[in-house]
J.: 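Have a look at the structure that comes next, please.
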2 protein chains.
Amino acid sequence: MTIADVAALAGVSVGTASKALNNRGKLRQETRARVADAARQLGFRPNEMARSLLSGRSFTVGLLTTDHVGRFSLPVLLGAEDALGAGEISVFLCDTRGDAIRERHHLSALASRRVDGIIVTGRRTDSRPPLRQFLDVPVVYAMAPSEDPRDVSVVPDEWQGAREGVRHLIAAGRTRIAHITGPARHHSAQVRAAAFRETLAEAGLRPAGGEVMFGEWNEPWGRQAVRHVLHAEPRCDALFCGSDQIARGAADGLREMGVDVPGDIALVGFDNWDVMSTACRPPLTTVDMELGELGRVAAMSLLEAIEGRARPGVRRLPCRLVIRDST
Amino acid sequence: MTIADVAALAGVSVGTASKALNNRGKLRQETRARVADAARQLGFRPNEMARSLLSGRSFTVGLLTTDHVGRFSLPVLLGAEDALGAGEISVFLCDTRGDAIRERHHLSALASRRVDGIIVTGRRTDSRPPLRQFLDVPVVYAMAPSEDPRDVSVVPDEWQGAREGVRHLIAAGRTRIAHITGPARHHSAQVRAAAFRETLAEAGLRPAGGEVMFGEWNEPWGRQAVRHVLHAEPRCDALFCGSDQIARGAADGLREMGVDVPGDIALVGFDNWDVMSTACRPPLTTVDMELGELGRVAAMSLLEAIEGRARPGVRRLPCRLVIRDST
DNA sequence: GGTGGAGGGTCAACAAGTATG
DNA sequence: CCATACTTGTTGACCCTCCAC
């Protein structure tokens, strides 16, 4: 099924068929229609690989996940795929599973396939070493920014997101607010905690319970931490949690202690992970990082870079506060 | 960066360079080494698109998700990507988001790119209408089988999985077992319920509470259903749940009613969705559909079909019972 | 002066598009 | 509007040139 078949069926030469299908040259309308009919009848699709050879562009990009495709990188991938697909660009899925061998293997394959660019994403927002490229194509880092500030990175503005969450609690009249979050070694935990402290300080408040409680991102930690907090500060009236899982654990812990949410203690989570935030009792007010949008912006940035208009640096996209019943 | 550059650097013709790099033809070892050195020095990667043009095979496949990439299709995609990547085959990610327009668009793009085959996956196990193909390539349906039995489909053996779960409860000495599951319109709910009934009948048992309770796949339904069950059959000693979310809701409901799991009532879930099954109190015994393996088998089946050795029909892969603390 | 094999060059072909006569 | 030539990168069939015997 090539353009030669279409030309034969339409009774024209391949050159004429090409012109007809690409709206070029001077042809009678009737001829164009005859060629278009023949193409439709045969289900002709021009061979992208042959075109790419000529044009020097493949209209494909690689989507490389460095950790493994998980809850955070998936929305980014899908957002990017959506934005690129609209521009007739196809996407190679490359999951490295955190394995350096697999990463090399995928990069080598992407080089062979002459992708026009690469989007790199990871599950965490800690910065990562830049790709050691054999290939000379633009790269955009989504979610996990490159350590090299000359690279193009797109990340969620966790600082702003955390501030929104904490401000929301303050605006609701809460004054003794504690922060329970994940491991201190995670960039996400650090930046959210810093935003928490600063936002409280601006309002003349101090963290309830003395200090930020670093732990794990999971529910058991939320349940456990809430007991510590109420022991250290019985008059605590709000919890800002570093993840929805922690917040859900906290909600369960509070309910089992007979504490009312949001009556006695208001609760704000982070991630807007529906299976946690809507299944939580009560449904969680939480910060959404808008990862789908992040993927789309990363895709647009990559297209810019492909066209030679790359704007290096880290771009932070705003998070959005989703208000439900826990505040 | 083409083979011509390599040939020039090595001081040979492009044909000779090709032979050297592909271990073909008659050349001196010294010549081969010189070409290999030049290639390494320049970071040469053969252009896959040019090779494909010649060979007629692109060594790419399309991964098409019909609903949207979610919790169930993601492991399938990753399993397939893993299996295909090992065979030097790259994967085009195509998310249709349940949109027929997007599906046509993606199929058209895949046709243009001359993929060697397509894997279709969905989030549910209900059968789906076969792809109306413009293109003449093998298709394998993973997770959601094709309605046409002449197509190749790979699905989890939910029947067997449900039987394992129920047998496990019976083997533990439970005799009054109820089944709480999702909407009756879902194939998954129907087949698991049928397996539940038959397995009980074989042991001379009858469903506790009279009949299977169809509802939703979520936690609130689990919490609600468990009250109905205990009202209808106070001596109920086990629950087989159609999903981990339902099971977790049931566990929460039972705990709040003061019922001990597994002391008073044993609990088996379905899906082995870690965020539910390990966060559940107690951690859930559950049925794992091994979706990653399913993706790998789908990929292998596609490779068979590409080589002309397709074995039509529906292939069911065994589920695996994962035993934790709820039984 | 053939013969044969080692070593390497030449050219058509793949699909599509552009340019020119 | 057709015919033809040429472009892209790569491969493989075919061909040519040595040199030894």
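Since this is a predicted model, take the numbers as computed values, not measurements. Below, chains carry the letters A, B, ... as their sequence lines are ordered, and counting in each starts from 1.
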J.: Taking it one step at a time, do B:T66 and B:E103 satisfy side-chain hydrogen bond (donor to acceptor under 3.5 Å, both in side chains)?
T.: CA-CA 7 Å; B:T66 52; B:E103 181 167 319; 5.9 Å; no
J.: Give the rounded distance in Å between these two atoms: CZ of A:R34 and C1' of D:dC2.
T.: 13 Å
J.: Would you give a per-nucleotide map of nucleotides 14-21 of chain D, 5' to 3', where B means the base has a protein non-hydrogen atom under 4.0 Å away, S means only the sugar-phosphate does, and - means neither?
T.: --------
J.: Rounded off to whole Å, could you give me the CE-to-C1' distance for the B:M49 and C:dA16 pair?
T.: 13 Å
J.: Report yes if a side-chain nitrogen or oxygen of B:R24 is closer than 4.0 Å to either non-bridging phosphate oxygen (OP1 or OP2) of D:dG12; otherwise report no.
T.: yes
J.: Pick base, sugar-phosphate or nothing for A:L54, based on heavy-atom distances below 4.0 Å to the nucleic acid.
T.: base
J.: Does CZ belonging to B:R97 count more than 12 external heavy atoms closer than 6.0 Å?
T.: yes
J.: Among A:R123, A:R71, A:R320, find the one that has a salt bridge (Lys or Arg N to Asp or Glu O under 4.0 Å) with A:D271.
T.: A:R71
J.: Starting at atom CD1 of B:I3, determine the distance to atom P of C:dC14, rounded to an integer number of angstrom.
T.: 20 Å
J.: Please give, in whole Å, the distance from C:dG5 P to B:L27 CG?
T.: 18 Å
J.: Would you say that more than 12 heavy atoms from the other residues, nucleotides or ligands in this model lie under 6.0 Å from the CE of A:M1, or not?
T.: yes
J.: From CZ of A:R57 over to P of C:dA16, roughly how many Å is that when rounded to an integer?
T.: 20 Å
J.: Check whether any side-chain N or O of A:R51 sits under 4.0 Å from OP1 or OP2 of C:dA16, and answer yes or no.
T.: no
J.: Atom CZ of A:R32 and atom C1' of D:dC1: how far apart are they, to the nearest Å?
T.: 12 Å
J.: Counting any heavy atom closer than 4.0 Å, what does B:R114 reach on the DNA or RNA strands: base, sugar-phosphate only, or nothing?
T.: sugar-phosphate
J.: Considering only C:dC14, C:dA16, D:dG12, which nucleotide approaches the side chain of B:L53 most closely?
T.: C:dC14
J.: Which residues in residues 4-14 of chain B have at least one heavy atom lying under 4.0 Å from any atom of DNA chain C?
T.: B:V12, B:S13
J.: Answer with yes or no whether the side chains of A:S188 and A:T125 bring together a donor and an acceptor at under 3.5 Å.
T.: yes
J.: How many Å lie between CZ on A:R113 and P on D:dT8, as a whole number?
T.: 22 Å
J.: Could you give me the CA-CA distance, side-chain angles and deciding distance for B:S108 and A:R45, then say whether side-chain hydrogen bond (donor to acceptor under 3.5 Å, both in side chains) is met?
T.: CA-CA 8 Å; B:S108 167; A:R45 304 268 142 203; 2.7 Å; yes
J.: Is there a side-chain contact between B:R28 and the phosphate of C:dA6, meaning an N or O under 4.0 Å from OP1 or OP2?
T.: no
J.: Please report the closest heavy-atom contact between A:V12 and A:V35, naming both atoms and the distance.
T.: CG2-CG2, 3.9 Å
J.: Nearest to the A:T16 side chain among D:dC1, D:dT10, D:dT11, which nucleotide is it?
T.: D:dC1
J.: Using the side-chain hydrogen bond (donor to acceptor under 3.5 Å, both in side chains) rule, take B:R113 and A:S90 through it: C-alpha gap first, then chi angles, then the decisive distance, then the call.
T.: CA-CA 9 Å; B:R113 304 209 180 270; A:S90 295; 2.7 Å; yes
J.: Using side-chain hydrogen bond (donor to acceptor under 3.5 Å, both in side chains), reason through A:H187 and A:R124 one step at a time and then give a plain yes or no.
T.: CA-CA 8 Å; A:H187 171 264; A:R124 286 166 50 176; over 6 Å; no
J.: So, is A:S18 close to the C:dG17 phosphate, meaning a side-chain N or O under 4.0 Å from OP1 or OP2?
T.: yes
J.: It should be established whether B:N22 places a side-chain nitrogen or oxygen under 4.0 Å from OP1 or OP2 of nucleotide D:dT11.
T.: yes
J.: Rounded to whole Å, please give me the gap between CG in A:L21 and P in C:dT18.
T.: 12 Å
J.: Side-chain donor-acceptor pair under 3.5 Å between A:T16 and A:S13, yes or no?
T.: yes
J.: Ignoring backbone atoms, test whether B:T31 places a side-chain nitrogen or oxygen under 4.0 Å from the OP1 or OP2 oxygen of C:dG8.
T.: yes
